[in-house]
Amino acid sequence: MIEFKGSHIISRSRQELWPILQDPAVLKRCIPGCEELVLNGEHLYDVRLKVGFGMIKGSFQGTVQLTNMVEPERYVLNIKAEGRTGFAHGTTRIQLLPHPSPAATEIRFESHLQVGGMIASVGARLCQGAARMLAEQFFRELEKCLRN
Amino acid sequence: MAKTAGKKSVTRTGKASAKAPRRARQSAAKAAPPASQRVDFFKLVPKPRFVGKPVKRKEDVRLITGAGHYVDDLRLADMLHVEILRSPHAHARIVSMEVEEARKASGVVGVFAYKEISSLCGDVPLAHPGIPDLKVPHHPVLADGEVNFVGEPAAAVVAESRYAARDAVDLIRVEYEPLPAVVDPEKALAPDAPKVHKELADNLSFSWEVKGGDLDEAFKKADRIIQQRVRSQRLIPCALETRGVIAQYLTGEEQLTVWTSTQIPHILRTQLSGMLKLPESKVRVVAPEVGGGFGSKLNVYAEEGLLSALARLVAPRPVKWIETRRENMAATTHGRDQIGELSIAACADGTVLGVKHDCIADIGAYHQLFTAIIPTLTGLMLAGSYRFPAARTTLKGVFTNKMPTDAYRGAGRPEATFIIERIMDLVAAEFNLDPVEVRRKNFARKFPFSTPTGLAYDTGDYEKALNQALKLADYQGRRARQAKARDEGRLVGIGLSTYVEICSMGPSKGMAAGGWESATVRVSPTGSVEVLTGTCAHGQGQETVFAQITADVLGIEMDQVKVQRGDTGNVPWGVGTFGSRATAVGGTAVFEAARRVLEKMKKVAAAALGASAAQAARVQIKNGKFWAGKKSLSFAEVAFQAHRGLVIPEGETPGLEATYFFEPGNFTFPFGAHICQVEVDRDTGEVSIQGYWAVDDCGKPMNPLLIDGQVHGGIAQGLGQALYEEAVYDESGQLLTGTLMDYAVPKATHMPWLHCERTETPTDVNPLGVKGVGEAGTIGSTPAIVNAVIDALRPLGIKHLDMPLRPEKVWRAIKKAAAAP
Amino acid sequence: MPMPRSTPSLSKKLAISVTVNGGEVRREVEPRLLLLHFLRDELGLTGTHCGCETSICGACTVFLDGRAVKSCTLLAAQADRRQITTIEGLAAPAHQPGSSGKLHPVQEGFWECHGLQCGFCTPGMIISAAQLLERAPNPSEEEIRRGLEGNLCRCTGYQHIVEAVRYAARKLGGG
Amino acid sequence: MIPVAFDYHRPRTLEEAVDILRQYGDEAKVLAGGHSLIPALKLRLAAPKVVVDISRLPGLSEVRRSGSGLSIGAGVTHHQLMVDPLIAKLCPLIARTAPEIGDVQVRNLGTLVGSICHADPAADWPAPLLALEAQVVIVGPEGERTLHINEFIEGMLTTRLAGHEIVREVVIPRAYPASCAYKKIRQSASGFAIAGVAVQLEKKNRKCSSIAIGVTGVAQRAFRARLIEKSLQGAELDEKTIAQAARQVTEEVNDFLSDLHASAAYRAALAQVLVQRAVLAALAA
């Protein structure tokens, strides 16, 4: 089980950010290794990912679903991904908090990911770090997206 | 002679019934002849040339040159290869499985799931432990719609090569619906816990109890009641050779042959016949060279049934499966995993009046062969080498979504010894006594000794072994130096354990399977000697020991003796190698069979030499010849005459062969004293072992070199449990120690130099006077090491830590103690 | 949920030539073939064992150009035009044709000192011990233990192995 | 235990190797000693289409003088570094770190460059290489570039090396004296560093004139313990001063690793202890 949390300041108001975080095009760009992301139901996306750290690479297929949505405050990301090397299932609670500067939002997230298969049995020691790096990558890309 | 537990009241009950389980029942031995009518080995061979000597092993030349053949080294013509798809989930429903793509892949012969196999192969069996109301779930060889632990087999690919089979496994698409998993056995007992098996009411597989003596009285009279929770963590046996199976079914001959890495070929044959619904006569099991077992190959595995079934489907082509290390760690039985809540009634002088032990055994997702039996042994051995007037164990066997537990070196007794030896140190600490004195105070001294749990210890001299160990270790001097080191602020600790174990399994009435062992000794017309044994050595060196015994009895060289084992096609019958039984039970069978061959050879020699009746009664073997009066015949000549058939003595038949089934009258109870000194690094929590001394008593030594080897290896495994090893599952049931990168099997650098000696207290349970030594080191070492670490930490007020004593755990304890007011 | 596909084995075979135990062998192999499997399955040299998947246990240790290496962590292709010595080539038992019947001093030490039980780790352990003695002819106990750190033995507790190496050291030193 | 199929190339020159990499990009992986790549291949955690074996490229398996320092080629094994006289003379910290890596068989084949390219956070080499200000020389289709080891390793399992590039050598820019040490706590199963600290220092008149401390195993990537170095710079290195300085290790990074072998708090404590021990050992060396 990987548990981690963090927060990130994004230079957009909550109202602006809310739809962006559900835009498939934005998500596809920001989710690390995302090769395909298709809306397939209410707040439900089918995804195909290729996640890699150096030579260690895995292809995953799965779904991302947004639930418990309270605009523009919070929602829950439900993640399911499976691949030959294992799977990751879990939830990430996301909170959009107003920031002192009006054109900014603090995104707080708290993830609980259950990792299984090969990646759990041989890579447990690296999973926590990997998850954290993926989250950082996501926000880095998001900022890039917003700048353009 | 074995005795009953005497007049003391002993009861062992299942949850609802007062009927005692079969394995625990033990009464006066009727099977073995009284010692007075028996021929003991050392009476027959007063000056053995081989027995008792550090003879080099017969097995070794092939093994040191790489010429031995383990299962993976066998290649049969047209052989196919099997790879198994296993569950990545601890608990899940199989929603769908698509195998078409895998089936079409290059080199693939077939892909098989439960529905293709179920009509050919039944459930994985268990030896019935005689526990009433035991709940046994459906345990198919391939998952039937649901998986219950990470690593459970779900489908099998058969292909032309192992590489092709492995590639095809990746093409099978399984949709799982994850179900809630339960990993902690205590949480599994909660009423709202997820159920491992939906068809069962809850996760409790069984309850069991053993008690004796007056506990109420003991706890009333005690000066103090000490309470402690003690855990024996889950371990992975990690034999260096993983499991492997080759199966071939010849349709014309209607013959299934299974080559497998097992400790119990004959039991496996019986069980496979049941699983496959084949007459036993059509099943042959062969254990080639076996690369270690430690109890993990004392089982009947899903893969053995599966491969047999696959062999029938692709007959006559043989199929081969070799377990990977990851599979081995996830899906070969684990060991230990018990939690014990202890209450100890103790007097201020160190006398222990009674012990209550409430035990939860995490048995994993299914029953394997002896899953339920192992923790009952912990209850039976709870008295250790002490005369506690009263003792009680209650046991709950609990299902969790993990690999089943079963026998692992020591099997139930290391857990018991760990508990008892921790108790001794807890009592010593409580009353500020020397742990040596507490042990002396409580030792059983009169033998045969009846324990409150109903066992009868054959012989023993616990104080003698302890005294010798104290001397060997310079205990007094060591304590003095420890005091000095403590004054300097160093965390130096000395720990000991004085154990007794139950060995040479055993009388049949005390066993879930037979407790006897068979041997055949036969001499060919040219005088070469074959010994066929039902035991199945996997490193113990029985080829050597049995050749020593046979050569001494028959007055020949060891080179003339070939010991065969592991093939149900040529060994008449057998039980197997486990529970430190091979020499004590199997060796005795060899001795008895050899003795019978010798008697016949003497008669043939007398007849061939035309000896008088008086001479015939006194035929002797000297320098490899049979002497009747002044005339002699060589061993080979006598063998030839027995087969030639011209001078067969009256009342005898031609041929030279004897088969003997030896049924021991009791278990044996080897014992010993282990002492360990450690130093703990205050800053890092690392434990370094500064010295290790062991005195073990396994009765009459057959081969001291091999005994040392067994003790050393046992200590290494016990040290592994004390300091390094633990199978770690996360809360969702993923095995995190899934490779040897994360599960620490002790390395050469982890081991201290071991100073080992022996005392010799023979047993009269068998004519060799042998007690067994395979598990002694494991049983004695774990508590000695843990006691030493706790002793090192005593100045900080630390009284107990659970194993393994990995550096961080010790460091945290030190930090916490330092922070305490 | 459908799983991603893996690519079938389409790679080109390689022609390799390896000197194994003094004799040259030529084979066409898949590039992914591990040296361990090459020795065992292609050449039938089953004395080299496989004990783990993660380059820890050392049961598969062989000499590659005189260096002890784990043959499970090498491709057969990497051994092309190199020299391999397996346990079978260290010394052969007397009954094998063409053999001098002499054991290597390390093998002798393992036999004399009961340095093995189940024997599974033994071939790899012997190769590592031989390497150790080549580099340190008179090793201390600690040097022996460190030299064997890449080889797991679950049976012996290592003590008799340490003694076996000392025996061989004496023997090789002309003792 | 069985890799996914791939093609194998053994180029004869570095240029040829780079050319193959340019062709296949991310689908290709470089193999030198193979001790990072092959374990990943066997578990199918890595499945490149092409493996490029550079282990026999001429000149790569040597330790050479380079200016006042030395160069370690991509094919140089850990064992070579243990026994090479040039290393012992010019860079004893490398010689002292090498025996701490893996086991004999791993050291016989595994390479320093392979290790840093894999960038495992539990690897030993980054600690001494950081302390020695090592430079990583990279060749690619556009030519050659050099990165400081600190820039080269980006994070867990990731480096600045592009898919079409190869590390040719690691350069230690100057010679270092014998006042150095590498101390580590081994994970008991794998032998990897739960924590590892390398120290290289120089003394003048009993005072520390320069000190470099590399720490590995405890964070996502190895780091230089700059705060501690600053405290010790110019100080008299007695036990108390060192102990006091070592405490700052918790301020050096904020992402101490946590896994089943060691929690973040324990790793932080070990780093502190090892800094003290390594500095003392370096002083005594």
Side-chain angles (χ1 to χ4, degrees), chain B residues 56-57 59-70 72-73 75 98 101 105-106 163-164 167 170-171 173-175 238-242 289-294 322 324-326 538-541 705-706 708-709 711-717 739-741 745 747-749 751 753-754 777, chain C residues 1-3 5-6 8-9 30 32-33 37 40-41 44-54 56-57 59 86-88 90-93 96 103 107 110-112 114 116-123 126 141-142 144-149 151-162:
Chain B
K56 283 195 290 181
R57 295 205 316 174
E59 298 76 347
D60 287 0
V61 174
R62 65 176 186 268
L63 299 178
I64 56 180
T65 53
H69 287 89
Y70 303 84
D72 195 16
D73 304 335
R75 277 147 180 71
E98 282 177 48
E101 205 181 339
S106 135
Y163 278 52
D167 287 346
D170 275 355
L171 300 175
R173 299 159 180 208
V174 187
E175 190 185 337
C238 289
L240 242 302
E241 182 211 20
T242 58
E289 212 76 72
V290 176
F294 316 109
I322 300 297
T324 65
R325 179 57 62 186
R326 282 187 71 238
H538 41 287
Q540 292 85 349
L705 193 60
L706 271 55
D708 283 345
V711 170
H712 295 163
I715 291 172
Q717 271 171 324
T739 70
L740 291 174
M741 300 279 282
V745 166
K747 301 176 184 186
T749 42
M751 291 300 299
W753 192 261
L754 309 169
Chain C
M1 195 174 313
M3 307 272 271
R5 293 171 187 218
S6 76
S9 124
E30 264 198 272
R32 62 169 164 165
L33 183 69
H37 293 149
R40 293 178 50 81
D41 301 336
L45 294 169
T46 56
T48 302
H49 298 148
C50 173
C52 76
E53 292 162 281
T54 49
I56 292 282
C57 83
T86 68
I87 189 69
E88 289 92 342
L90 202 63
Q96 258 178 28
L103 294 173
Q107 289 172 314
F110 272 69
W111 192 16
E112 290 291 333
H114 186 30
L116 63 149
Q117 289 178 26
C118 83
F120 196 78
C121 75
T122 309
I126 286 174
E141 182 193 338
E142 199 199 327
I144 296 173
R145 290 185 188 275
R146 291 224 48 188
L148 300 176
E149 215 169 8
N151 295 76
L152 292 182
C153 170
R154 193 60 155 162
C155 293
T156 63
Y158 303 100
Q159 189 149 317
H160 282 165
I161 294 177
V162 171

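Heavy atoms only: backbone and side chains are in, while hydrogens, waters and symmetry mates are out. Naming: A, B, ... by sequence-line order, numbering from 1 per chain.
- Both the backbone and the side chain of C/Leu152 come within contact range of chain B, judged by heavy atoms closer than 4.5 Å.
- Heavy-atom pairs under 4.5 Å with chain C were tallied for B/Ile715, B/Thr324, B/Val711; the largest tally goes to B/Thr324.
- Atom CZ of C/Arg146 is separated from atom OG1 of B/Thr749 by 7.5 Å, given to the nearest 0.5 angstrom.
- Across all their heavy atoms, B/Met751 and C/Tyr158 have their closest contact at CG-CD1, 3.8 Å.
- Options B/Gly714, B/Gly713, B/Gly777 differ in how many heavy-atom pairs under 4.5 Å they form with chain C, and the most are formed by B/Gly713.
- Under the 3.5 Å distance criterion, the side-chain polar atoms of C/Gln159 are left unmatched by any main-chain donor or acceptor of B/His712.
- Nearest heavy-atom pair, B/Leu63 versus C/Gly119, reported as atom, atom and distance to 0.1 Å: CD1-CA, 4.0 Å.
- The closest donor-acceptor contact from the side chain of C/Arg40 to the backbone of B/Asp72 lies under 3.5 Å.
- Proximity to chain B (any heavy atom under 4.5 Å) is shown, for C/Leu33, by both the backbone and the side chain.
- Of the listed residues (C/Gly47, C/Cys155, C/Cys153), the greatest number of heavy-atom pairs within a distance under 4.5 Å of chain B belongs to C/Cys155.
- Without hydrogens or angle criteria, C/Glu53 side chain to B/Arg326 main chain gives a donor-acceptor distance under 3.5 Å.
- With rounding to the nearest 0.5 angstrom, the CG atom of B/Asp708 is 12.0 Å from the OG1 atom of C/Thr156.
- Most heavy-atom pairs under 4.5 Å with chain B, from the set C/Gly147, C/Cys52, C/Cys121: that is C/Cys52.
- When heavy atoms are compared at a cutoff of 4.5 Å, C/Leu116 approaches chain B by way of both its backbone and its side chain.
- Here the CG atom belonging to C/Leu90 is positioned 10.0 Å from the CD1 atom belonging to B/Ile64, to the nearest 0.5 angstrom.
- Of the two parts of B/Tyr163, the backbone and the side chain both hold a non-hydrogen atom closer than 4.5 Å to a non-hydrogen atom of chain C.
- Taking both residues in full, the closest heavy atoms of B/Tyr70 and C/Phe120 are given as OH-N, 3.2 Å, listed atom of the first, atom of the second, then distance.
- Highest contact tally toward chain C, considering only B/Leu706, B/Val290, B/Ile322, is held by B/Leu706 [criterion: heavy-atom pairs under 4.5 Å].
- Proximity to chain B involves both the backbone and the side chain of C/Asp41, based on heavy atoms less than 4.5 angstrom apart.
- You'll find the side chain of C/Thr54 stays beyond 4.5 Å of the side chain of B/Arg325, heavy atoms only.
- Among B/Cys238, B/Gly293, B/Gly68, B/Ala164, the residue with the largest count of heavy-atom pairs under 4.5 Å with chain C is B/Cys238.
- When every heavy atom of C/Thr46 is checked against every heavy atom of B/Arg75, the shortest pair comes out as CG2-NH1, 3.6 Å.
- Options B/Leu240, B/Leu740, B/Val745, B/Thr739 differ in how many heavy-atom pairs under 4.5 Å they form with chain C, and the most are formed by B/Leu240.
- The CZ atom of B/Arg57 sits 6.5 Å away from the CD atom of C/Gln117 when rounded to the nearest 0.5 Å.
- In terms of heavy-atom pairs under 4.5 angstrom with chain B, the leader among C/Glu141, C/His160, C/His37, C/His49 is C/His160.
- Minimum heavy-atom separation, B/Gly291 to C/Cys118: C-SG, 3.3 Å.
- Of the possible donor and acceptor atoms, one in the side chain of C/Arg145 sits under 3.5 Å from a partner among the backbone N and O of B/Ala748.
- Under the side chain to side chain contact (heavy atoms under 4.5 Å, CB included) test applied with B/Thr65, the options C/Ile87, C/Leu103, C/Thr122 reduce to a single match, C/Leu103.
- Among all heavy-atom pairs drawn from B/Ala716 and C/Gly157, the shortest one is CB-CA, 3.6 Å.
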